[in-house]
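Heads up, the thing below is written out as structure tokens.
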Amino acid sequence: ATENDCLNGICMLFGHLLTNTAQIFADVRTYWSPDAVRRVTGYELQGDAAGGIIHLINSGAATLDATGWQESNGRPAMKPYWEINPDEVARCLDATSWYPADTGYFRGGGYSSGFLTRGGMPVTMMRLNLVKGLGPALQIAEGVTVDLPSEVHATLNERTNPTWPTHWFVPRLTGNGPFRDVYSVMNNWGANHGALSYGHIGADLISLAALLRIPVYMHNVSEERIFRPSMWNAFGTADREGADFRACAALGPLYCAYR
């Protein structure tokens, strides 16, 4: 990344420890509404993308695993390194172009790994924010990568920087709160960065956050998939998000206090 973002780095550590896979660092760059895409390309977004898309793109580099040219059960995947076969390594490399670095960002030169992530890959985007007076708080958005026609991708990608790796992301919507539509997910995101992990690991992240006394204030994980220690019930059962904040505050941080 251009910036030294340790909070996104922590999310990447969480994702790696939970999945044993490489993690994606990305800017949460642009929300493209169906109307905006139609206006600049003439294309009508379809399928998972019908409600709009979020352009995730990192300045310079991302793990080549994120090309999506590894497969599991015939679908794009990111696998633990010991499961990646030589053919998949070659396909990930073939899908990547090494562009000269944009010297407006990288004054020392070098190269950027430019590629487009294949659609149809389940991913979880996460962000740890550090809030003065509160401490760390976690956001989670499970969703999927999507494909666009090549000419549509090219037009939209030119609006940022075509030398950088792109992931077209659609969060899973619930119809409520920040997940009522795609725009609201981006509008409620706490920073311009997010970390992505292969698979839908939101439930695991929520359990991990509870153990670390980190409240989760935005997620689209269904209630039946969530596990927190049973004592969380004593802090409220009607408002689980509020109860999470109260429990974490009462128990205090596992390792050290934030001030």
Side-chain angles (χ1 to χ4, degrees), residues 1-2 8 12 15 21-34 36-38 40-72 74-79 84 87-102 105-106 110-125 141-172 182 185-186 192-200:
T2 310
N8 228 42
M12 296 173 76
T21 60
Q23 306 294 297
I24 303 169
F25 188 117
D27 288 2
V28 184
R29 185 57 67 100
T30 311
Y31 164 69
W32 282 96
S33 70
V37 172
R38 189 185 312 112
V40 301
T41 69
Y43 177 71
E44 193 75 36
L45 291 173
Q46 302 172 11
D48 289 329
I53 51 179
I54 296 176
H55 193 180
L56 303 178
I57 179 171
N58 189 47
S59 51
T63 173
L64 302 197
D65 300 51
T67 59
W69 284 102
Q70 301 163 26
E71 292 189 348
S72 178
R75 296 180 62 82
M78 295 171 65
K79 302 193 292 192
I84 302 171
D87 287 341
E88 290 172 328
V89 172
R91 289 199 295 269
C92 290
L93 287 167
D94 289 343
T96 305
S97 297
W98 300 98
Y99 296 106
D102 183 336
Y105 286 83
F106 306 106
Y111 292 90
S112 293
S113 56
F115 61 82
L116 172 63
T117 297
R118 292 173 71 193
M121 189 162 65
V123 292
T124 301
M125 185 166 71
E142 293 184 340
V144 65
T145 60
V146 296
D147 289 320
L148 298 176
S150 58
E151 65 277 9
V152 175
H153 161 71
T155 299
L156 302 185
N157 206 35
E158 287 286 348
R159 298 298 182 98
T160 53
N161 192 313
T163 70
W164 298 345
T166 278
H167 332 283
W168 295 110
F169 174 68
V170 176
R172 186 179 64 246
V182 177
V185 174
M186 182 166 176
N192 69 317
H193 290 161
L196 282 90
S197 186
Y198 172 71
H200 289 159

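Source: prediction; values computed, not measured.
Residue D87 holds its CG atom at 12.0 Å from CD of Q70, rounded to the nearest 0.5 Å. The structure places CG of D147 at 10.0 Å from OG1 of T117, a figure rounded to the nearest 0.5 Å. Between atom CG of residue L196 and atom CG of residue N8 there is a gap of 9.0 Å, rounded to the nearest 0.5 Å. Atoms CE and OG1, from M78 and T67 in turn, are 8.5 Å apart once rounded to the nearest 0.5 Å. Within the model, atoms OH of Y99 and CG of N161 stand 10.0 Å from one another, a figure rounded to the nearest 0.5 Å. Note that CZ of R29 is 7.5 Å distant from CG of N192, once rounded to the nearest 0.5 Å.
More than 12 non-hydrogen atoms from other residues, nucleotides or ligands lie less than 6.0 angstrom from CZ of R38. The 12-atom threshold is exceeded at CH2 of W32, counting heavy atoms of other residues, nucleotides or ligands nearer than 6.0 Å.
Considering only residues two or more places apart in sequence or on other chains, T166 meets the side-chain hydrogen bond (donor to acceptor under 3.5 Å, both in side chains) condition with H55, N157. Residues passing the ring-ring contact (aromatic ring centres under 6.0 Å, His included) test with Y43: none are found, sequence neighbours excluded. Legend: residues meeting side-chain hydrogen bond (donor to acceptor under 3.5 Å, both in side chains) with S197, ordered by chain and number and at least two apart, are Q23.
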Quiz item: side chain to side chain contact (heavy atoms under 4.5 Å, CB included) between L116 and W168: does it pass, once the steps are laid out?
Solution: CA-CA 8 Å; L116 172 63; W168 295 110; 3.6 Å; yes
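The two residues T63 and A22 make their nearest non-hydrogen contact at OG1-CB, 3.4 Å. Considering every non-hydrogen atom in both I53 and A49, the closest pair reads CG2-CB, 3.6 Å. Among all heavy-atom pairs drawn from A61 and S113, the shortest one is CA-OG, 3.2 Å. The two residues V182 and G51 make their nearest non-hydrogen contact at CG2-O, 3.9 Å. When every heavy atom of S59 is checked against every heavy atom of D27, the shortest pair comes out as N-OD2, 4.5 Å. Closest of all the heavy-atom pairs between P34 and A50 is CG-O, 3.2 Å.
Contact check for W98 versus S112: no side-chain heavy atoms found under the 4.5 Å cut-off. Counting only heavy atoms from C-beta outward, the side chains of R118 and E71 approach each other to under 4.5 Å. L56 has its side chain within reach of V28: a pair of non-hydrogen atoms, C-beta onward, lies under 4.5 Å apart. Under the 4.5 Å side-chain criterion, counting only non-hydrogen atoms from C-beta, I84 is in contact with D65. A heavy-atom distance below 4.5 Å is not found between the side chains of W69 and L93. A 4.5 Å side-chain heavy-atom check between H167 and F115 finds at least one atom pair inside the cut-off.
A salt bridge links K79 with E88: the distance from a Lys NZ or Arg NE/NH1/NH2 to an Asp or Glu carboxylate oxygen falls below 4.0 Å.
With ring centers used as reference points, Y105 lies under 6.0 Å from W164.
With S33 contributing its side chain and A36 its backbone, the two residues share a donor-acceptor pair below 3.5 Å.
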